[in-house]
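Okay, structure first, notes after.
Chain naming here is simple, since letters A, B, ... match the order of the sequence lines and numbering starts at 1 in each.
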2 protein chains.
Amino acid sequence: MRVEFINPFITSLINVMKTMAQLDLQPGKPKKKLDSLARGDVSGLIGMVGPQTKGSMSITFDQGLALEVMRRMLGEAPDELNEEVTDMVGEITNMVTGGAKRILGEEGYEFDMATPIVVSGPNHSISHKTEGMKLMMPFTCDQGRAVIEICFE
Amino acid sequence: MRVEFINPFITSLINVMKTMAQLDLQPGKPKKKLDSLARGDVSGLIGMVGPQTKGSMSITFDQGLALEVMRRMLGEAPDELNEEVTDMVGEITNMVTGGAKRILGEEGYEFDMATPIVVSGPNHSISHKTEGMKLMMPFTCDQGRAVIEICFE
């Protein structure tokens with residue numbers, strides 16, 4: 001996988017969070033992921049398959065940030081990670097991947113998206129099992145942290 | 001999604017667990033999944049994309065069963081869910097999906113597999129976010145429980 005592949009996902013997440021929840025995510029430093037230590041409370045995962053490559057992407061949120069996004073999108077939020085919240089995380093995962101797909105398509109990299117899966121549970125960790133390089137990008141805002149991880153073979 | 005789609009995954013998981021770990025999984029009763037209550041300690045997830053459909057599949061193991069599979073495959077196992085275990089769960093996810101892909105391909109249903117993602121964390125829950133029906137199949141053996149969930153649009 002090329003390092004440039006992560007940029008469309010970063011751009012797309014920032015756009016989606018700005019547009020949907022009026023939140024300004026500050027990207028940290030992208031890095032190679034050498035372990036499965038990126039932990040969070042709710043994660044949207046999606047598989048991608050194209051003629052040139054295949055891979056997976058995840059977006060992991062702290063519970064506090066996920067609930068704040070709910071509050072800003074819907075005007076209210078539950079006290080915990082219920083199905084409404086996982087639906088929203090699945091939708092965000094779809095939107096972010098769709099945005100990245102459009103950008104990468106313009107650059108000649110085509111892929112199809114599988115359907116998203118959302119995992120919830122305090123402090124879970126995620127391991128993308130690809131042969132290729134794994135990149136992660138942390139984001140922060142006043143309401144909490146998010147992490148994108150992306151891996152293409 | 002058709003109910004018959006789950007059978008190749010069931011057959012394939014039973015075969016893989018028998019061949020790789022000499023474990024006889026007993027399938028329970030398949031059912032429609034109406035919530036995200038299937039919980040476990042380590043899950044392999046994979047996306048699938050084909051011309052007719054797309055979807056996702058997960059296999060969730062109790063920690064005890066995952067460690068027993070390690071013990072039987074490698075002769076020893078760690079005390080907890082480390083990267084060796086998540087690698088094995090990713091490999092099992094690939095093998096089970098590959099087996100089901102072969103069977104479904106013979107029936108005229110083609111799909112490509114994304115790369116697997118493994119989630120670990122005690123008692124996490126999984127929600128497949130598809131428009132289509134979600135089916136789950138529980139398995140038991142003396143060493144613990146496993147659950148397959150599969151969803152195609």
**Request:** Given side chain to side chain contact (heavy atoms under 4.5 Å, CB included), test Thr115(A) with Glu153(B) step by step and report yes or no.
**Result:** CA-CA 8 Å; Thr115(A) 49; Glu153(B) 278 191 3; 3.4 Å; yes
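By the 4.5 Å heavy-atom criterion applied to side chains, Lys129(A) and Val118(B) are counted as neighbours. The closest side-chain heavy-atom distance from Leu45(A) to Val119(B) is below 4.5 Å.
Arg145(B) CZ: 12 or fewer foreign heavy atoms inside a 6.0 Å radius. Glu107(B) CD: more than 12 foreign heavy atoms inside a 6.0 Å radius. Environment of CD in Gln22(A): crowded, with over 12 heavy atoms of neighbouring residues, nucleotides or ligands closer than 6.0 Å. Atom CZ of Arg71(B) has more than 12 heavy atoms from other residues, nucleotides or ligands within 6.0 Å. The neighbour count for Gln52(A) CD, taken as heavy atoms of other residues, nucleotides or ligands under 6.0 Å away, is above 12.
The residue among Asn123(B), Ile46(B), Thr130(B) with the most heavy atom pairs within less than 4.5 Å of chain A is Thr130(B). When the candidates Gly44(A), Gly50(A), Ser56(A) are compared by the number of heavy-atom contacts under 4.5 Å with chain B, Ser56(A) comes out ahead. Of the listed residues Gly47(B), Pro122(B), Gly55(B), the one with more heavy-atom pairs under 4.5 angstrom with chain A than any other is Gly55(B).
Closest approach of Met113(A) and Lys54(B) over heavy atoms only: O-CD, 3.2 Å.
With a 4.5 Å cut-off on non-hydrogen atoms, Asp87(A) touches chain B through its backbone and its side chain both.
Linking Ile, Leu, Val, Met, Phe, Trp and Tyr residues whenever their side-chain heavy atoms come within less than 4.5 Å places Leu74(B) and Phe61(B) in a single cluster. Tyr109(A) and Val49(B) fall into different hydrophobic clusters, where Ile, Leu, Val, Met, Phe, Trp and Tyr are joined by side-chain heavy atoms under 4.5 Å apart, directly or via other members.
Between the SG atom in Cys151(A) and the CD1 atom in Ile117(B) there is a gap of 8.0 Å [rounded to 0.5 Å].
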